[in-house]
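Protein chains get the first letters and strands the later ones, always in sequence-line order, with residue 1 at the start of each. Atoms considered below: every heavy atom in the structure, side chains included; atoms not considered: hydrogens, waters and symmetry mates.
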4 protein chains.
Amino acid sequence: MSDTNVASFPAGSEDETSDVGGVAGKRLKSFIDRIERLEEEKAALAEDIKEVYGEAKATGFEPKTIRQIVKLRKVDLEKRREADELLELYKAAIGME
Amino acid sequence: MSDTNVASFPAGSEDETSDVGGVAGKRLKSFIDRIERLEEEKAALAEDIKEVYGEAKATGFEPKTIRQIVKLRKVDLEKRREADELLELYKAAIGME
Amino acid sequence: MSDTNVASFPAGSEDETSDVGGVAGKRLKSFIDRIERLEEEKAALAEDIKEVYGEAKATGFEPKTIRQIVKLRKVDLEKRREADELLELYKAAIGME
Amino acid sequence: MSDTNVASFPAGSEDETSDVGGVAGKRLKSFIDRIERLEEEKAALAEDIKEVYGEAKATGFEPKTIRQIVKLRKVDLEKRREADELLELYKAAIGME
DNA sequence: ACCGTGGTTAGCTTTC
DNA sequence: GAAAGCTAACCACGGT
């Protein structure tokens, strides 16, 4: 492997953040690792979702319709949340809690 | 005058895109003019909206509350729209329409 | 307790605020109406702008490029305006005008 | 009922689809449930990621910078994967493996 | 006066 | 290849 290390700036071998950024470098690497791990999981879920749509389609359900339903239900949820927030605002306005 | 004219390409008088990009240049300029005109109007409206919030506040209404109401009503509208779209989808599915 | 339902979201029919929030409710409704009206117009303009970009693209101009130009010209405009303001300041300082 | 509750089935109790769509309705609901569940998890991960960026920022690292690094490493990863795939292709072409 | 937050916009990906 | 949905950067507002 030659040129694929573009972004691991230490330029040297792996795990070599210490000589460049010292402790800070290690913390940074830790953050990046955590983020990459989480994004991997997130991508896997996106993949799963796609598969479910695929299954549904194979069973005869239009993905488009399902998406619309999911979307509508989401808007529903959101509406409820917004209404709650408004209520809190009103309560605050009249001094309740 | 140093670098303030970075983007005013014609550099000289108006309508001087012809010698550089020819007809294409003129069309491009036309597009840009239209966009700039529209964005101006849009900015003016944003300003107006801000003023209304200001007035409301001066009258004793919390901008925050008003924003929340406006938002909630918007979600409401959206919900209705999504429901309509779903209905269309259903109708199409059963061959109506 | 007098105005807890101030906003009783018009979801239903018109003029629903009168019996609940009284005059205050009417004023609030008026503010909301004005805001919604303005936001509608603003959204319409945003739509128009999008369309212009679409046209431009269909004609062979990259939207991305046009956006950059528009942005450049905007900061340019601002620079010029600020320079003018500065000039006015100077003139005022030395008693001109 | 003037409102647009066409699709908010679950609003009430479970299993409400049976009398309408029969078995098909149940399968549809199952698909929707699975999708919503997965999307929830996905949203939770997005939240987690945001938090990590927040932590990083609190530690003095610019989120923007970290994002750039993460992006760079991602395309890097892709490059490596594609190179591997190409290698496999070559090996297959010459009869290895 | 600054920070944090929420809204807006642009660029990318995916879908049709 | 056009259109839409998703995501990330930007900006402006409100709060402290």
Side-chain angles (χ1 to χ4, degrees), chain A residues 35 38-39 42-43 45-47 49-51 53-54 56-57 62-72 74-75 78 81-82 85-86 89 92, chain B residues 35 38-39 42-43 45-54 56-57 61-68 70-72 74-75 78 81-82 85 89 92, chain C residues 35 38-39 42-43 45-60 62-72 74-75 78, chain D residues 35 38-39 42-43 45-58 60 62-72 74-75 78:
Chain A
I35 290 166
L38 292 168
E39 298 226 316
K42 186 155 151 273
L45 283 171
E47 195 60 28
I49 291 169
K50 243 175 100 177
E51 279 172 30
Y53 276 112
K57 181 169 191 174
E62 283 291 325
K64 194 173 174 180
T65 304
I66 299 185
R67 283 180 198 279
Q68 187 63 27
I69 294 170
V70 170
K71 193 173 169 188
L72 180 53
K74 198 169 153 197
V75 171
E78 195 186 345
R81 216 191 49 227
E82 301 297 349
E85 281 176 24
L86 184 56
L89 238 39
Chain B
I35 289 167
L38 292 168
E39 297 226 315
K42 186 153 149 277
L45 282 172
E47 195 61 27
D48 291 349
I49 291 169
K50 239 175 102 177
E51 280 171 29
V52 178
Y53 277 111
K57 181 169 191 175
F61 295 109
E62 284 292 325
K64 192 172 175 182
T65 305
I66 299 185
R67 282 180 198 280
Q68 187 63 25
V70 169
K71 193 174 168 189
L72 180 53
K74 199 169 151 197
V75 171
E78 195 186 345
R81 218 191 48 228
E82 301 297 348
E85 280 176 26
L89 238 39
Chain C
I35 289 167
L38 292 168
E39 298 224 316
K42 184 156 153 273
L45 282 171
E47 194 62 25
D48 290 348
I49 291 169
K50 237 177 107 179
E51 279 173 30
V52 177
Y53 277 111
E55 268 185 64
K57 180 169 190 175
T59 316
E62 283 293 322
K64 195 172 174 180
T65 306
I66 299 185
R67 282 180 198 279
Q68 279 171 338
I69 294 169
V70 169
K71 190 186 285 182
L72 262 175
K74 194 174 161 195
V75 309
E78 277 163 21
Chain D
I35 290 166
L38 291 168
E39 298 224 318
K42 185 155 152 273
L45 282 171
E47 194 61 28
D48 290 349
I49 291 170
K50 238 176 105 181
E51 278 172 30
V52 177
Y53 277 111
E55 267 186 65
K57 180 169 190 175
E62 282 294 322
K64 194 172 174 181
T65 306
I66 299 186
R67 284 182 196 280
Q68 281 172 337
I69 294 169
V70 170
K71 189 187 287 181
L72 262 175
K74 193 174 162 194
V75 309
E78 277 162 23

Point-to-point distance, once rounded to the nearest 0.5 Å, from CD of A/E85 to NZ of B/K64: 9.0 Å

Given atom CD1 of D/I69 and atom C1' of F/dA8, what is their separation to the nearest angstrom? 16 Å

Without decimals, in angstroms, what is the distance between C/D48 CG and E/dT9 C1'? 17 Å

Just to verify, what does B/E78 make a salt bridge (charged side-chain N to carboxylate O under 4.0 Å, His left out) with, not counting sequence neighbours? none

A/E78 has an atom CD; how far is it from atom P of E/dG6, in whole Å? 13 Å

Sequence neighbours excluded, which residues qualify as side chain to side chain donor-acceptor pair (under 3.5 Å) partners of D/E55? A/R34

What integer distance in Å separates D/I49:CD1 from F/dA9:P? 13 Å

C/I66 has an atom CD1; how far is it from atom C1' of E/dT9, in whole Å? 17 Å

Sequence-distant partners of B/K71, salt bridge (charged side-chain N to carboxylate O under 4.0 Å, His left out), two or more places apart: A/E82

With a 4.5 Å heavy-atom cut-off, do B/L89 and A/E62 have their side chains touching? no

Once you round it to whole Å, what is the distance between C1' of E/dT8 and CG of C/L38? 17 Å

For residues 45-54 of chain B, please give each side-chain donor-acceptor pair under 3.5 Å, one per line with the distance, not counting sequence neighbours.
none

Can you measure C/E47 atom CD to F/dA3 atom P for me and round it to whole angstrom units? 11 Å

What N/O pairs connect the protein and nucleotides 10-12 of chain F at under 3.5 Å? Give each pair on its own line.
unit_1	atom_1	unit_2	atom_2	d
F/dC10	OP2	D/K64	NZ	3.1

OG1 on C/T65 to CZ on C/R67, rounded to 0.5 Å: 11.0 Å

Working to the nearest 0.5 angstrom, can you tell me the gap between B/L38 CG and B/I35 CD1? 8.0 Å

Nearest-nucleotide check on DNA chain F, B/E62 vs D/P63; residue mapping nearer the 5' end is D/P63

Taking only N/O atoms, report every protein-nucleotides 5-7 of chain F pair under 3.5 Å with atom names and distance.
unit_1	atom_1	unit_2	atom_2	d
F/dG5	OP1	A/K71	NZ	3.4
F/dT7	OP1	D/K42	NZ	3.4

